[in-house]
> 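Please find one structure pasted underneath; my questions will follow.
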2 protein chains.
Amino acid sequence: MTNLPVWERPEPPARPTPTPLSRELIVRAAVALADRDGLGAVSLRKVGSALDAGPMRLYGYVASKEELLDLMIDEVYGEVAPEEDPTDGVDWRGSVRRLSLGLRAAARRHEWFVDLLGSRPHLNGPHSLAYLNRTLAAMDAAPGLDDMVAVLTAARTVDAYVVGAIRSEITEARTVRATGTDVEEWQRSAAGHLGRMTADGRFPMLKRMINEPSPELDPEVAFTLGLDCVLDGIAVRLPTTPALRWALDGA
Amino acid sequence: MTNLPVWERPEPPARPTPTPLSRELIVRAAVALADRDGLGAVSLRKVGSALDAGPMRLYGYVASKEELLDLMIDEVYGEVAPEEDPTDGVDWRGSVRRLSLGLRAAARRHEWFVDLLGSRPHLNGPHSLAYLNRTLAAMDAAPGLDDMVAVLTAARTVDAYVVGAIRSEITEARTVRATGTDVEEWQRSAAGHLGRMTADGRFPMLKRMINEPSPELDPEVAFTLGLDCVLDGIAVRLPTTPALRWALDGA
DNA sequence: GTATAGCGCGATACGGTGTATTGAACAATA
DNA sequence: TATTGTTCAATACACCGTATCGCGCTATAC
């Protein structure tokens, strides 16, 4: 019947009968559940029972679990810089950095977010569209990115880095926590496994990595440093290549 | 009992009784299943029955489904440039490009790979360790990356981009295929949804994106272009900042 | 006020999942 | 030959997403 995406489909009227319910309430409950026990703990049964409702009642508000996940994703995007930024349009690097760091912070608040991050088309919900719109606006203000192809290419490149970096960071944090909170213990166990793997002389660089232990960078510093590399690269390379040239090369 | 990772745990001896079995056979069957029907179709029951075995028999070779997924990941890494590259150590950009494009090609052959890509610690299996080792070796040959901190930072930055870009590309390809293979139809439907979302004047950049349709870049060209941006940024920024400076800033 | 029509919602059911447990059949050893 | 120990398949359990169905309520029509 209705092939409209969730965000355009009207919500059923709230009925005070057993417990008032709404998409917002459902999404909030699901997010709280995922925050506490991970994405694997989000089931329609559990979300429902957190709201004193049976699992099937949710299907009046949400067509499937996938849709619920889409709504959860958009909810997180909604936490990223909802207010306007006065410096938008004048300081493109600052704007991009703020947006990316905002998404990273949201992902750290909601660790399950990374499991969904690049895994489904996230250009659907209003909040993720707003995020994309702001990213594009920031890129549009960069000198040298004059047409839409350049802006889109820059945005996709930055987005790829941000997604990958956030995923790596959260995954590593989770692993450390699961292996045992102690960082030293993790280093010793890693050295144990890696040490055995590198004992026979394969992987000389990994051996160097173990033998010359480098100081741990603060995760935010590491994230920003990589991001600045990407932004430098965009500022250096993209303006030097006319957009039409790429399009022609690609066709 | 054995807390060793799979790759160090001895395999049970092959018994010719019903059907010879081995980790390699199990992983191959699982990969074939995932290639054909997606990662969701990989269940211990289906993998087992593809090998004329019950589900529980697999537990003699693999401790859990997670371990099977780890083995599948490493299998894909094994397809990336298994042979030596004579230009390693002289042309760092070429080496990194070859490795990244190799991983991208493998991910396109095994689309389920992206669902696992950054989602678990992939520094475990021998093949992924070999991949990491080669990446580090390539970075080590870059001028200006003199100590391990710089090499690791560069590798992590490139890896973040590669992971994110591959994920985005495959996800987009899957969406296009699911929505209906026709690209024009997808554009029309996207314009429909996006058009309604941007009708009220929010999201001016998205409106521009729709109104000035840009030519589609070939995915490999787009991937390489973004990668070159990242490599440019690394070449520009990392050597200009002494490694100790970052470490101190971070501490 | 009462009968009826519609519908929201909960219970039930189905086919699937990962995996713990159990017991039987087989191989190796005493 | 008797016994022991291992390997594997069958069963079982808890849980999942969701299709179906029927009860009970609400709102309308007379």
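Proteins come first, then strands; the chains are lettered A, B, ... in the order of their sequence lines, and each starts at number 1. All values reported here derive from a predicted model rather than from experimental measurement.
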> To the nearest 0.5 Å, what is the distance between CZ on Arg104(B) and CZ on Phe223(B)?
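Between atom CZ of Arg104(B) and atom CZ of Phe223(B) there are 6.5 Å.
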> Rounding to an integer number of Å, can you tell me how far Leu51(A) CG sits from dC9(C) C1'?
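Rounding to the nearest Å, CG of Leu51(A) and C1' of dC9(C) are 15 Å apart.
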> Would you call Asp115(B) and Arg174(B) a salt bridge, using N to O less than 4.0 angstrom?
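Here Asp115(B) pairs with Arg174(B) in a salt bridge, since their nearest N and O are under 4.0 Å apart.
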> Would you jot down, in residue-number order, the residues of residues 34-43 of chain B having a non-hydrogen atom under 4.0 Å from DNA chain C?
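DNA chain C contact set from residues 34-43 of chain B: Val42(B), Ser43(B).
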> For this output row, return yes or no: ring centroids of Tyr131(A) and Phe203(B) closer than 6.0 angstrom.
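Tyr131(A) vs Phe203(B): aromatic centres not under 6.0 Å.
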> From the options dT11(D), dC8(D), dT18(D), select the nucleotide whose nearest atom is closest to the side chain of Tyr61(B).
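That would be dC8(D).
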> Give a yes or no on whether a salt bridge exists between Arg167(A) and Glu172(A), defined as a side-chain N under 4.0 angstrom from a carboxylate O.
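Between Glu172(A) and Arg167(A) there is no salt bridge, as every charged N stays at least 4.0 Å from the carboxylate O atoms.
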> Would you mind telling me which of dG10(C), dT18(D), dA9(D) lies closest to the side-chain atoms of Arg57(A)?
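Nearest listed nucleotide: dG10(C).
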> Quickly work out the Leu58(B) CG to dG18(C) C1' distance and round it to whole Å.
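The distance from CG of Leu58(B) to C1' of dG18(C) comes to 12 Å, rounded to the nearest Å.
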> Nearest to the side chain of Met56(A) - dG17(D), dT11(D), dT20(D)?
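Closest nucleotide to the Met56(A) side chain: dT20(D).
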> Give a yes/no answer on whether the side chain of Lys46(A) brings an N or O atom under 4.0 Å of OP1 or OP2 in dC15(D).
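Negative; the distance criterion is not met.
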> Looking at the base of dG18(C), is there any donor atom on it, or on the side chain of Arg45(B), that sits under 3.5 Å from an acceptor on the other one?
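Per atom types, the contact qualifies.
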> Show your working on side-chain contact (heavy atoms from CB on, under 4.5 Å) between Glu75(A) and Glu24(A) and close with a plain yes or no.
CA-CA 9 Å; Glu75(A) 188 84 356; Glu24(A) 184 63 26; 3.2 Å; yes
> In whole Å, what is the span from the OH atom of Tyr59(A) to the P atom of dG10(C)?
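The answer, rounded to whole Å, is 14 Å.
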> Write down the distance between CG (Leu68(A)) and P (dG17(D)), rounded to a whole number of angstrom.
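Atom-to-atom, Leu68(A) to dG17(D), this comes out as 10 Å.
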> If the test is side chain to side chain contact (heavy atoms under 4.5 Å, CB included), which one of Thr153(B), Leu99(B), Val230(B) qualifies with Val158(B)?
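Only match with Val158(B) under side chain to side chain contact (heavy atoms under 4.5 Å, CB included): Val230(B).
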> Within this structure, what is the CG-to-C1' distance between Asp52(B) and dC8(D), rounded to whole angstrom?
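Asp52(B) atom CG is separated from dC8(D) atom C1' by 14 Å.
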> If you only use heavy atoms from C-beta on, which nucleotide in dG18(C), dA9(D), dA11(C) is closest to the side chain of Leu44(B)?
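Within the option list, the nearest is dG18(C).
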> Lys65(A) has a side chain; which of dC8(D), dT11(D), dG17(D) sits nearest to it?
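From the listed options, dG17(D) comes nearest.
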> Taking only distance into account, with no hydrogens and no angle test, what donor-acceptor pairs under 3.5 Å do side-chain atoms of residues 29-39 of chain B form with protein atoms, sequence neighbours excluded?
{"unit_1": "Asp35(B)", "atom_1": "OD1", "unit_2": "His110(B)", "atom_2": "ND1", "d": "2.8"}
{"unit_1": "Asp35(B)", "atom_1": "OD1", "unit_2": "Trp112(B)", "atom_2": "NE1", "d": "2.7"}
{"unit_1": "Asp35(B)", "atom_1": "OD2", "unit_2": "His110(B)", "atom_2": "ND1", "d": "3.0"}

